[in-house]
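So you know, we letter chains A, B, ... as the sequences are listed, proteins then strands, and number each from 1.
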4 protein chains.
Amino acid sequence: MARINVSIGFDRKLYRQDLMGSRAHADMLHAVGLLTADDLAAIQRGLAQIEQEISDGRFVFKDEHEDIHMNIEARLREIIGEPAGRLHTARSRNDQVALDMKLWTRDACDQIDGDLQALQRALITTAEAHADAILPGLTHLQPAQPVTFGHHLLAYVEMLGRDRGRFADCRRRLNESPLGAAALAGTPYAIDRTMTAKALGFERPMANSMDAVASRDHVQEFLAAATITGTHLSRFAEEIVLWMSNQYRFIRLSDAFTTGSSIMPQKKNPDAAELVRAKVGRLLGAFSSLTVMLKGLALTYSKDMQDDKEPAFEAMETLSLCLAATTGMVGDLTINREAMRRAAEGGFITATDLADYLVLELGLPFREAHHITGALVKRAEDLGVGLADLSDAELAAAHPRLTGAARAWLTVEGSVARRSSEGGTAPDQVRHQIARAKERFL
Amino acid sequence: MARINVSIGFDRKLYRQDLMGSRAHADMLHAVGLLTADDLAAIQRGLAQIEQEISDGRFVFKDEHEDIHMNIEARLREIIGEPAGRLHTARSRNDQVALDMKLWTRDACDQIDGDLQALQRALITTAEAHADAILPGLTHLQPAQPVTFGHHLLAYVEMLGRDRGRFADCRRRLNESPLGAAALAGTPYAIDRTMTAKALGFERPMANSMDAVASRDHVQEFLAAATITGTHLSRFAEEIVLWMSNQYRFIRLSDAFTTGSSIMPQKKNPDAAELVRAKVGRLLGAFSSLTVMLKGLALTYSKDMQDDKEPAFEAMETLSLCLAATTGMVGDLTINREAMRRAAEGGFITATDLADYLVLELGLPFREAHHITGALVKRAEDLGVGLADLSDAELAAAHPRLTGAARAWLTVEGSVARRSSEGGTAPDQVRHQIARAKERFL
Amino acid sequence: MARINVSIGFDRKLYRQDLMGSRAHADMLHAVGLLTADDLAAIQRGLAQIEQEISDGRFVFKDEHEDIHMNIEARLREIIGEPAGRLHTARSRNDQVALDMKLWTRDACDQIDGDLQALQRALITTAEAHADAILPGLTHLQPAQPVTFGHHLLAYVEMLGRDRGRFADCRRRLNESPLGAAALAGTPYAIDRTMTAKALGFERPMANSMDAVASRDHVQEFLAAATITGTHLSRFAEEIVLWMSNQYRFIRLSDAFTTGSSIMPQKKNPDAAELVRAKVGRLLGAFSSLTVMLKGLALTYSKDMQDDKEPAFEAMETLSLCLAATTGMVGDLTINREAMRRAAEGGFITATDLADYLVLELGLPFREAHHITGALVKRAEDLGVGLADLSDAELAAAHPRLTGAARAWLTVEGSVARRSSEGGTAPDQVRHQIARAKERFL
Amino acid sequence: MARINVSIGFDRKLYRQDLMGSRAHADMLHAVGLLTADDLAAIQRGLAQIEQEISDGRFVFKDEHEDIHMNIEARLREIIGEPAGRLHTARSRNDQVALDMKLWTRDACDQIDGDLQALQRALITTAEAHADAILPGLTHLQPAQPVTFGHHLLAYVEMLGRDRGRFADCRRRLNESPLGAAALAGTPYAIDRTMTAKALGFERPMANSMDAVASRDHVQEFLAAATITGTHLSRFAEEIVLWMSNQYRFIRLSDAFTTGSSIMPQKKNPDAAELVRAKVGRLLGAFSSLTVMLKGLALTYSKDMQDDKEPAFEAMETLSLCLAATTGMVGDLTINREAMRRAAEGGFITATDLADYLVLELGLPFREAHHITGALVKRAEDLGVGLADLSDAELAAAHPRLTGAARAWLTVEGSVARRSSEGGTAPDQVRHQIARAKERFL
């Protein structure tokens with residue numbers, strides 16, 4: 001029983017939150033006349049000493065006190081004696097548990113926001129350096145149209161921007177104080193919930209005391225946001241693994257983010273990227289775990305809810321680590337422009353440009369232009385040459401007004417340069433979006 | 001192959017979104033000079049006819065055209081001929097697919113918001129009718145303190161309020177237009193992405209064309225919000241099942257929401273509640289499904305992403321159905337005040353009140369008050385009586401200043417009435433919160 | 001990078017498996033002439049010393065050696081020098097990693113099998129003690145027919161029996177040796193894979209070297225079996241929580257498995273059961289995590305696969321703990337026969353018996369019997385009495401041949417005693433099944 | 001309510017199972033004297049007619065009869081009148097529901113086993129045709145050692161073999177009959193459960209009636225096995241997508257399994273493989289859904305359990321479809337031996353062979369051989385040549401006894417040929433394993 005019940009092994013992480021909550025509660029009790037100035041001073045002194053002991057690693061956590069709340073309460077009694085008992089006036093372990101986890105989740109949102117911003121910064125910096133490096137833009141892992149590396153990286157900046165929005169929304173939504181809910185029904189003491197709420201940085205008290213002690217949707221929301229972010233990171237990690245592979249060689253990572261083999265020293269296994277790719281599983285696992293735990297729980301608090309902590313703590317650490325590793329890789333990578341460009345030239349990748357030429361320069365209807373282009377691609381493939389290598393006669397055979405002038409549209413540089421519609425891959429447009437991204441995100 | 005590849009069986013649901021997108025795109029092409037007025041008129045007429053045919057059930061969907069986009073395109077060509085081909089200028093199936101699913105998700109958010117509000121309305125109405133009905137407030141499924149039924153229902157109003165917030169945030173975040181991303185890289189045509197964005201009710205165009213065709217985090221976010229809402233519904237459903245059970249009999253549901261047995265006609269199986277309780281599994285399943293699908297997908301579009309639709313469609317229908325069923329049950333239920341009140345009297349449920357009395361009236365420190373109360377509860381239990389049945393002598397033995405006057409604090413009515421702190425269970429406070437909830441949510 | 005890459009923090013758990021594998025490999029190398037007797041002796045001595053150091057807690061694990069394999073290898077070199085290098089002839093870290101995890105999973109299956117059997121034993125013992133204690137058998141949480149407590153517990157003995165079967169199948173299926181697969185392609189050395197397989201208790205070598213280093217379906221299968229077992233435990237835990245509640249009071253648990261409240265000392269919060277109920281979430285989370293990780297991984301080994309360990313280790317500990325806690329609760333519980341029996345008498349629970357009487361004694365068709373019974377139940381409910389309290393006239397009014405003799409069929413004791421079909425709830429049948437269960441499972 | 005409660009829309013799939021169960025039950029009732037020969041004949045006639053009506057598509061399913069059981073029962077009454085009512089003697093909808101789902105799951109296991117075998121057959125056939133085609137064997141998506149294509153495919157044959165084992169175990173474990181459990185407690189009628197069990201192909205009756213109606217772990221197990229199989233398919237699908245990509249071009253798929261683009265007719269989007277890769281998400285979703293649904297359900301039957309069907313049905317169809325699509329692709333693919341071999345020559349892929357040469361031919365210790373090889377690889381990389389291109393002087397500089405004779409070990413053909421240890425990649429070994437696989441699986 002002790003083994004399954006005791007939580008001090010993991011909830012000790014919440015000590016700062018617990019102490020912060022107790023301080024605010026004590027101040028409020030004094031302000032409304034439920035605690036004398038002397039008792040308040042003793043309590044605040046005791047709590048400060050406890051904080052010091054814990055941060056110094058001198059605090060002795062005891063399983064017999066089960067959780068962080070009781071460990072702190074017991075120690076406070078040792079230090080200041082009888083006034084320790086008054087701290088719990090108009091408060092219950094239930095609202096304390098809820099409060100600590102809310103404060104933790106809020107801190108976690110802030111931490112992850114910083115990590116996400118750091119990754120955005122690294123991506124933007126690298127995108128700026130390679131705003132005009134050309135690589136194949138893929139659909140179905142097949143070359144579709146050439147794009148610029150800067151443009152490709154900015155796609156992730158956008159995804160991460162939405163991820164930050166999700167954490168910000170989670171933070172804002174949870175930012176109401178459960179304190180004052182007491183065990184579950186509120187309290188007969190004339191407490192001031194708004195005062196503790198403000199002191200702890202909350203917008204307001206929660207409107208319903210049963211909800212306050214029974215709900216953990218903010219932890220679910222945090223884990224959902226983490227899972228979505230992890231999905232984005234897994235996609236980028238997959239690309240790094242591909243780009244590092246012998247078939248691509250688009251990028252190199254230093255030994256800081258790869259491991260080799262004693263026998264094949266040139267081998268660069270992208271271990272960090274592979275681990276980032278894997279970890280979204282852990283995040284989804286945490287969200288699933290919490291959802292299963294909460295499913296079908298009658299109100300209000302049940303001990304099941306203690307099991308919100310380990311998945312949340314682990315997910316937070318996992319995500320923060322993945323973000324740091326990815327930021328590190330982005331800062332570390334060197335690109336192989338030649339390999340990228342060479343790959344971008346395969347697969348008749350500028351076929352669409354030829355069609356666009358037929359529409360924009362020769363005024364053909366879109367579908368006819370498509371049809372002619374398809375026939376030319378087929379012809380070139382049969383001949384084993386590129387589109388630009390087709391003779392004038394071949395071109396004219398496809399359409400009488402089609403001449404060698406079209407070849408100017410078939411370079412990959414031209415292709416990307418023309419795609420300057422808003423949000424498009426043209427280097428100028430990419431630089432414009434980089435400037436905007438800096439304003440929006442950094 | 002056809003069986004696994006063809007999507008028209010399910011993506012036909014998107015026909016309204018697809019037509020809306022084509023209309024906006026055609027208007028824009030005309031505005032920027034890429035489409036003549038005649039062609040525009042033909043296209044708009046053709047699209048209107050198609051909408052009519054589909055809503056009339058006369059449209060013949062064909063597997064050979066694979067998906068909704070190609071089915072509509074092919075039909076448009078049949079109706080208006082050559083100008084149909086011009087509609088696809090500066091557009092690709094990729095941004096069309098992304099657009100339709102965005103519009104669908106936005107509509108789904110709006111639909112669910114309405115469903116959630118309807119449930120809040122039902123809960124508030126029922127809470128108002130029973131603001132002072134007393135039942136045991138439970139922790140660990142054990143009686144802890146008496147609460148009012150109105151208060152209990154308002155806890156769910158709060159949860160659902162946060163759920164609405166999540167859908168609203170999802171809607172707001174996704175509300176940028178992918179149109180104009182074309183295949184993945186933008187387009188050389190001088191299109192006006194802001195014009196189509198505005199026409200379709202978006203805030204702005206998405207800032208990166210690769211992100212536009214590659215991302216589905218808005219569907220993940222929708223499914224995460226649905227899962228969290230489903231978790232809340234499962235908890236309420238569990239309570240309905242409990243309250244309907246022979247051991248509780250707190251509420252009755254009519255035959256509209258229960259099934260009986262031919263042999264035990266009095267039996268009321270709460271089938272609807274049980275199904276609502278179960279369905280959170282489907283919602284979590286949908287979120288998991290989408291996350292697995294997206295995991296490790298290199299940019300940009302891959303066919304894997306076609307598998308976003310069925311989970312999203314099913315989740316939407318499931319959640320909407322669960323909300324309707326729950327709203328129906330709340331409107332249908334009749335409460336058994338007597339059974340609730342009787343249950344609230346067991347388990348020394350006002351023990352905390354005795355402690356509060358000792359603190360507030362006799363000025364004892366909180367922990368001492370707790371200690372005395374614990375001793376009295378133990379004494380009462382040994383005697384097999386309630387706290388209020390202890391003699392004056394028993395009370396005095398526990399503390400010299402404790403007299404029969406304390407008994408006034410031991411009624412469940414007194415207990416709830418005193419818990420009038422903000423968000424507490426006192427009927428007056430509940431009525432105050434009902435008024436606020438009406439302003440906030442209805 | 002180090003933080004995300006280093007695994008020695010968790011894979012040190014595998015040290016016994018790693019050493020066992022090295023010993024078997026060394027013996028085989030010697031047997032086939034790839035290792036001298038002296039080198040073998042040195043290696044075995046060194047490995048024995050390392051095992052002692054680790055089990056004594058004296059071994060210094062170093063992050064710089066990343067994982068358990070390299071930590072042991074490095075230490076072996078310190079102890080025995082040059083021959084350490086020969087141990088890795090015809091072996092690669094890849095097959096070593098695969099081997100260790102297979103051995104661990106096999107051990108885990110054995111451990112869980114023992115835990116499951118212990119729980120079956122506790123359930124059978126308690127079932128035997130209460131083979132004839134009557135409680136309401138529920139469907140939809142509504143009373144349906146009376147059952148015996150022994151019968152109810154045996155239902156779980158069956159579920160757990162299937163759970164044991166799943167772990168046994170998992171163990172049997174995985175019991176092929178990966179050793180000899182080397183990096184991924186096999187080896188040019190004339191090794192004897194059957195010899196190492198037998199030495200390590202495997203049935204045979206795995207048939208394909210790429211499969212050997214790339215597959216983790218045995219870990220998935222282990223986690224799936226764990227999740228299913230956890231589902232069963234969550235159902236039993238829910239019942240314990242219900243049975244402990246004020247509304248039921250069917251059982252009591254001692255303070256060893258409950259926690260109280262300082263103020264309500266009589267309160268028994270079933271914390272252990274609640275935590276067991278919650279933990280199935282963690283198990284599903286682990287299975288999901290592993291499945292996501294493996295999704296879409298190209299052959300053969302990728303670093304992603306290092307992330308199989310923590311979910312598996314945590315799931316194993318969680319499940320073992322839940323089984324121990326549940327076994328403890330079963331051994332600890334005392335039942336309240338009176339409360340159970342009283343509850344079994346509500347809800348016209350023997351209505352089916354009356355119908356059976358009409359069929360078996362009066363020879364009525366089944367559906368007519370059902371119809372008559374339904375009418376009588378309705379009549380009794382209207383009168384506010386039980387079925388047995390209906391007058392002879394009431395009975396005769398329902399069917400002319402129905403007399404007071406039927407009342408003998410309406411007692412709960414009679415009801416359960418008659419349900420003596422194979423696997424039915426009659427005490428004699430329960431005792432028969434207990435005897436069979438002992439043979440099958442203990 | 002109707003919308004959420006009615007199941008006939010999906011459980012009609014169970015009609016064959018339902019009719020089969022009714023037939024067996026009727027025969028048994030007659031055998032034990034509970035049904036006359038005339039009634040039996042009428043019932044069997046009626047059931048046969050119903051089967052015909054349903055398979056002809058003439059049966060009118062009605063929502064008012066809710067589920068398949070009641071639809072059939074009602075129709076039987078229409079056809080044969082009063083004897084229809086006698087069919088339900090000693091039976092309840094609860095054990096009927098359990099029975100139908102057991103029979104369905106058993107059929108599903110058989111279906112999937114056949115699908116899996118067909119895929120194994122296709123893989124073995126293709127492996128045999130390409131037992132000696134050489135491609136790079138990858139770890140971390142980096143070239144590690146050359147392997148043969150036959151060997152690579154056989155790895156999947158092994159995985160699928162274990163998958164078949166899991167479905168076989170699932171089938172065997174579930175193969176006990178719930179019939180005779182009645183509502184939940186067994187029955188007072190003198191039924192013969194063994195007779196119905198045998199008639200329906202079950203090994204024996206289930207040992208506990210409450211377990212019989214309350215358990216769905218066989219559906220969980222089926223879905224777990226499906227998820228694991230889906231994981232394997234997703235890995236193979238990923239490889240097909242990679243092999244089809246412009247960077248690899250290892251294989252070609254015909255238009256039957258790819259889609260093109262009107263403008264890039266040479267483009268082959270591997271749509272079928274991408275969809276197979278995605279679908280493991282749906283399978284994990286189904287398993288999660290069922291686990292959440294069952295979590296914390298008190299015994300015995302609750303309506304929640306109706307929600308086992310749709311996830312199971314969808315998963316079965318999804319998996320069967322994925323297996324068929326994969327089998328189709330394996331049969332369809334043509335390999336590009338040249339591209340494979342060329343890719344296998346990059347990345348110093350035979351470095352391990354050089355080390356093996358040093359050990360086996362020159363007698364160096366393994367670690368020293370590794371060290372020398374690493375130095376030579378580094379040297380070759382610096383020079384921008386392959387290992388075989390290093391001069392005799394370069395070789396001698398690395399180790400005095402290392403001569404040009406070593407070059408014979410550096411060809412990829414030699415490399416794979418030497419890896420002839422059991423389960424290794426040598427063509428002869430592969431052919432041997434193909435012969436064994438045919439015996440074991442086909």
Side-chain angles (χ1 to χ4, degrees), chain C residues 85-86 88-89 137 139-141 144-145 147 154-155 158-159 162 165 169 173 180 183-188 191 193 205-211 215 217 220 224 227-228 231 234-235 238-239 277 280 284 291 294-298 300-302 356 365-367 418-419 421-425 433, chain D residues 85-86 88-89 137 139-141 144-145 147 154-155 158-159 162 165 169 173 180 183-188 191 193 205-211 215 217 220 224 227-228 231 234-235 238-239 277 280 284 291 294-298 300-302 356 365-367 418-419 421-425 433:
Chain C
R86 302 188 194 270
H88 299 280
T89 311
T139 57
H140 309 271
L141 217 70
Q145 290 174 350
V147 296
L154 286 185
E158 291 300 311
M159 296 179 214
R162 290 191 298 275
D169 289 344
R173 192 170 358 264
L184 78 154
T187 172
I191 59 173
R193 293 187 65 204
M206 292 180 76
N208 184 285
S209 62
M210 295 179 76
D211 175 43
S215 294
D217 50 298
Q220 275 183 301
T227 305
I228 298 173
T231 310
S234 81
R235 300 182 73 169
E238 168 87 1
E239 301 203 306
R277 183 171 62 181
V280 61
L284 176 62
T291 299
L294 288 168
K295 179 245 174 176
L297 273 198
T300 56
Y301 181 79
S302 288
D356 292 337
F366 187 73
R367 281 291 165 199
R418 273 190 306 276
R419 285 190 163 71
S421 57
E422 188 178 353
T425 202
Q433 295 295 349
Chain D
R86 300 188 195 272
H88 299 281
T89 310
T139 56
H140 310 272
L141 216 70
Q145 291 175 348
V147 296
L154 286 185
E158 291 299 312
M159 295 178 214
R162 291 192 296 275
D169 289 343
R173 193 172 355 267
L184 80 156
T187 171
I191 59 174
R193 294 187 64 203
M206 292 180 76
N208 183 285
S209 62
M210 296 179 76
D211 175 43
S215 293
D217 50 300
Q220 275 183 302
T227 304
I228 297 172
T231 309
S234 81
R235 301 182 73 169
E238 167 87 2
E239 299 204 305
R277 183 172 61 180
V280 60
L284 176 62
T291 300
L294 287 167
K295 179 242 171 175
L297 273 197
T300 58
Y301 181 79
S302 288
D356 292 337
F366 186 75
R367 282 290 164 199
R418 273 189 306 277
R419 284 193 163 69
S421 57
E422 187 177 354
T425 201
Q433 294 297 347

- Message: Going by the rule side chain to side chain contact (heavy atoms under 4.5 Å, CB included), which residues pair with D/Ser421 if we only count those two or more places apart in sequence or in a different chain?
- Response: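 D/Ser421 satisfies side chain to side chain contact (heavy atoms under 4.5 Å, CB included) with C/Thr187, C/Ile191 only.
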- Looking only at atom types and distance, does a side-chain atom of C/Arg193 sit under 3.5 Å from a main-chain N or O of D/Glu422, one as donor and one as acceptor?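 Yes; at least one donor-acceptor contact below 3.5 Å.
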- Please check if the side chain of C/Ser209 supplies one atom and the backbone of D/Gly423 the other of a donor-acceptor pair under 3.5 Å.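 Side chain of C/Ser209 to backbone of D/Gly423: a pair is present.
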- Message: Pair C/Arg235, D/Leu294 - check side chain to side chain contact (heavy atoms under 4.5 Å, CB included), show working.
- Response: CA-CA 8 Å; C/Arg235 300 182 73 169; D/Leu294 287 167; 3.8 Å; yes
- Task: Flag the pair D/Asp211 and C/Arg162 as a salt bridge only when some basic side-chain nitrogen lies within less than 4.0 angstrom of an acidic carboxylate oxygen.
- Result: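 A salt bridge links D/Asp211 with C/Arg162.
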- Task: Carefully, step by step, assess C/Lys295 and D/Leu284 under the rule side chain to side chain contact (heavy atoms under 4.5 Å, CB included).
- Result: CA-CA 11 Å; C/Lys295 179 245 174 176; D/Leu284 176 62; over 6 Å; no
- Query: Does any heavy atom of chain D fall under 4.5 Å from the side chain of C/Gln220, the backbone, both, or neither of them?
  - Reply: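 Answer is both: backbone and side chain atoms of C/Gln220 are under 4.5 Å from chain D.
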Could you tell me which of [options] has the largest number of non-hydrogen atom pairs under 4.5 Å with chain D?
options: C/Asp169, C/Val147, C/Thr139, C/Thr89; answer: C/Asp169
options: C/Gly424, C/Ser302, C/Pro188; answer: C/Pro188
options: C/Arg418, C/Gln145, C/Arg173; answer: C/Arg173
options: C/Ala224, C/Ser234, C/Ala185; answer: C/Ala185
options: C/Thr291, C/Thr425, C/Asp356; answer: C/Asp356
options: C/Arg277, C/His88, C/Glu158; answer: C/His88

- Counting heavy-atom pairs under 4.5 Å to chain C, which of D/Ala298, D/Ala144, D/Ser215, D/Gly137 comes out on top?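 Option with the greatest count: D/Ala298.
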- Item | Distance, nearest 0.5 Å, that separates CG of D/Leu297 from CG of C/Leu141 |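 Between D/Leu297 CG and C/Leu141 CG, I get 10.0 Å after rounding to 0.5 Å.
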- Message: Checking C/Gln433 against D/Asn208 for the side chain to side chain contact (heavy atoms under 4.5 Å, CB included) test, could you report, in this order, the C-alpha distance in whole Å, the side-chain angles of both residues, the deciding distance, and whether it holds?
- Response: CA-CA 8 Å; C/Gln433 295 295 349; D/Asn208 183 285; over 6 Å; no
